[in-house]
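By convention in this document, chain letters (A, B, ...) are assigned in the order of the sequence lines, proteins followed by strands, and residues within each chain are numbered from 1.
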Number of protein chains: 2
Amino acid sequence: MAIHKKEEFSTKEQHLAAFAKAISHPARIAILGVLAKRNQCICGEIVEILPLAQSTVSQHLKELKNAGLIDGETDGPRSCYCINWKAFEKFNAEFHSLFEKLKEANAKCC
Amino acid sequence: MAIHKKEEFSTKEQHLAAFAKAISHPARIAILGVLAKRNQCICGEIVEILPLAQSTVSQHLKELKNAGLIDGETDGPRSCYCINWKAFEKFNAEFHSLFEKLKEANAKCC
DNA sequence: TTTATTAATCGTTTTTATACGATGAATATG
DNA sequence: CATATTCATCGTATAAAAACGATTAATAAA
């Protein structure tokens with residue numbers, strides 16, 4: 001990609017795109033599902049459920065955390081994760097708002 | 001990535017992830033904005049607006065089309081694109097449903 | 001204190017994404 | 001018919017993502 005051009009778009013577009021990227025892998029959607037069902041759980045439990053190696057799961061968790069969708073805190077030698085519902089809600093609203101704004105813009109023009 | 005593991009997740013997870021990937025780049029979100037505002041337009045118009053080369057825009061359009069989010073048909077030497085609102089609505093509903101299901105699963109457990 | 005458990009990080013490999021210029025095919029215009 | 005316009009595709013380069021095994025750091029247990 002020689003040069004990244006992502007910076008040349010609006011903050012809103014970048015923000016929404018980053019969120020979309022966070023959930024653009026089935027493993028990460030599956031992780032959110034596990035966390036929702038159990039409210040919170042440690043990395044090892046997720047590794048047992050997903051068909052992925054421990055290091056790979058850890059990577060996906062890191063990305064979800066960077067995107068703000070989950071929180072994680074250490075509990076002894078373990079790491080306990082849970083969904084950040086507030087952030088998730090906010091992202092959900094943002095996405096819905098994109099859809100509504102597109103429809104609105106379209107209605108104005110036609 | 002040695003081996004792809006995406007296939008080992010559920011169809012629903014794969015489907016939603018693919019949709020998220022389609023809108024996971026600011027350029028593609030911007031393209032949707034342009035299409036919504038003008039209802040339909042040709043590739044060249046989008047190229048004039050975005051800070052990207054013609055071939056790059058064409059690639060992004062192809063991805064949006066593959067994801068089903070836009071339709072495109074040739075009009076002489078031009079290619080005219082527009083948003084596939086039905087598909088977009090469906091994806092929007094699917095995404096919203098993910099959020100609701102996560103909340104529901106979480107409510108059951110706590 | 002030694003040992004085991006847990007998970008993050010490192011290093012590496014392979015695949016995919018992003019971006020561009022150049023080419024080519026199709027159609028429109030002179 | 002020759003030329004110009006438009007855009008998709010090709011080839012290429014670089015960056016990022018995805019996956020794994022191995023290592024390491026931290027804590028718990030023996």
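- Nucleic acid contact class of B:L61 (heavy atoms, under 4.0 Å, all strands): none.
- In the set C:dT5, C:dG21, C:dT9, the nucleotide with an atom closest to the side chain of A:P77 is C:dT5.
- Across the interface with DNA chain C, nearest-nucleotide mapping of A:K21 and A:C43 shows A:C43 to be the residue nearer the 5′ end.
- The side chain of A:H4 contributes an N or O atom lying less than 4.0 Å from OP1 or OP2 of D:dA16.
- Taking only side-chain nitrogens and oxygens, B:S58 never comes nearer than 4.0 Å to OP1 or OP2 of D:dC7.
- Proximity of a side-chain donor or acceptor of B:E48 to a complementary backbone N or O of B:E45 within less than 3.5 Å is not detected.
- Among the atoms of the strands shown, only primed sugar atoms or phosphate atoms (P, OP1, OP2) are found under 4.0 Å from some heavy atom of A:S79.
- Distance, A:E7 CD to D:dA15 C1': 12 Å, rounded to whole Å.
- Separating the CD atom of B:Q59 from the C1' atom of D:dC7 is a distance of 13 Å, rounded to the nearest angstrom.
- Taking the side chain of B:Y81 as heavy atoms from C-beta on, and the options D:dA8, D:dG21, C:dT18, the nearest nucleotide is D:dA8.
- Regarding A:E8, its CD atom lies at a distance of 9 Å from the P atom of C:dC20, rounded to whole Å.
- Counting heavy-atom neighbours within 6.0 Å of A:E7 CD, excluding the residue itself, gives a total above 12.
- Look at CD on A:Q54: it is 11 Å from P on D:dC20, rounded to the nearest Å.
- Closest approach to the B:R28 side chain among D:dG21, C:dT18, D:dT6 is made by C:dT18 (side chain taken as heavy atoms from C-beta onward).
- At least one side-chain nitrogen or oxygen of B:K5 sits closer than 4.0 Å to the OP1 or OP2 atom of D:dC20.
- Between the P atom of C:dA7 and the CG atom of A:L50 lies a distance of 13 Å, rounded to the nearest Å.
- Ring geometry, B:F95 versus A:F88: the interplanar angle falls under 30°, so the pair is classed parallel (tilted spans 30 to 60°).
- A:H96 and B:H96 have tilted rings, their planes meeting at an angle from 30° to 60° on a 0 to 90° scale.
- Rounding to whole angstrom units, NE2 of residue B:H60 and C1' of D:dT9 are separated by 16 Å.
- Whole-Å rounding puts the A:E73 CD to C:dA8 P distance at 13 Å.
- Residue A:I46 contributes atom CD1, which lies 9 Å from atom P of C:dA8 at whole-angstrom precision.
- Pairing each heavy atom of B:I46 with each of B:C41, the nearest pair is CG1-SG, 3.8 Å.
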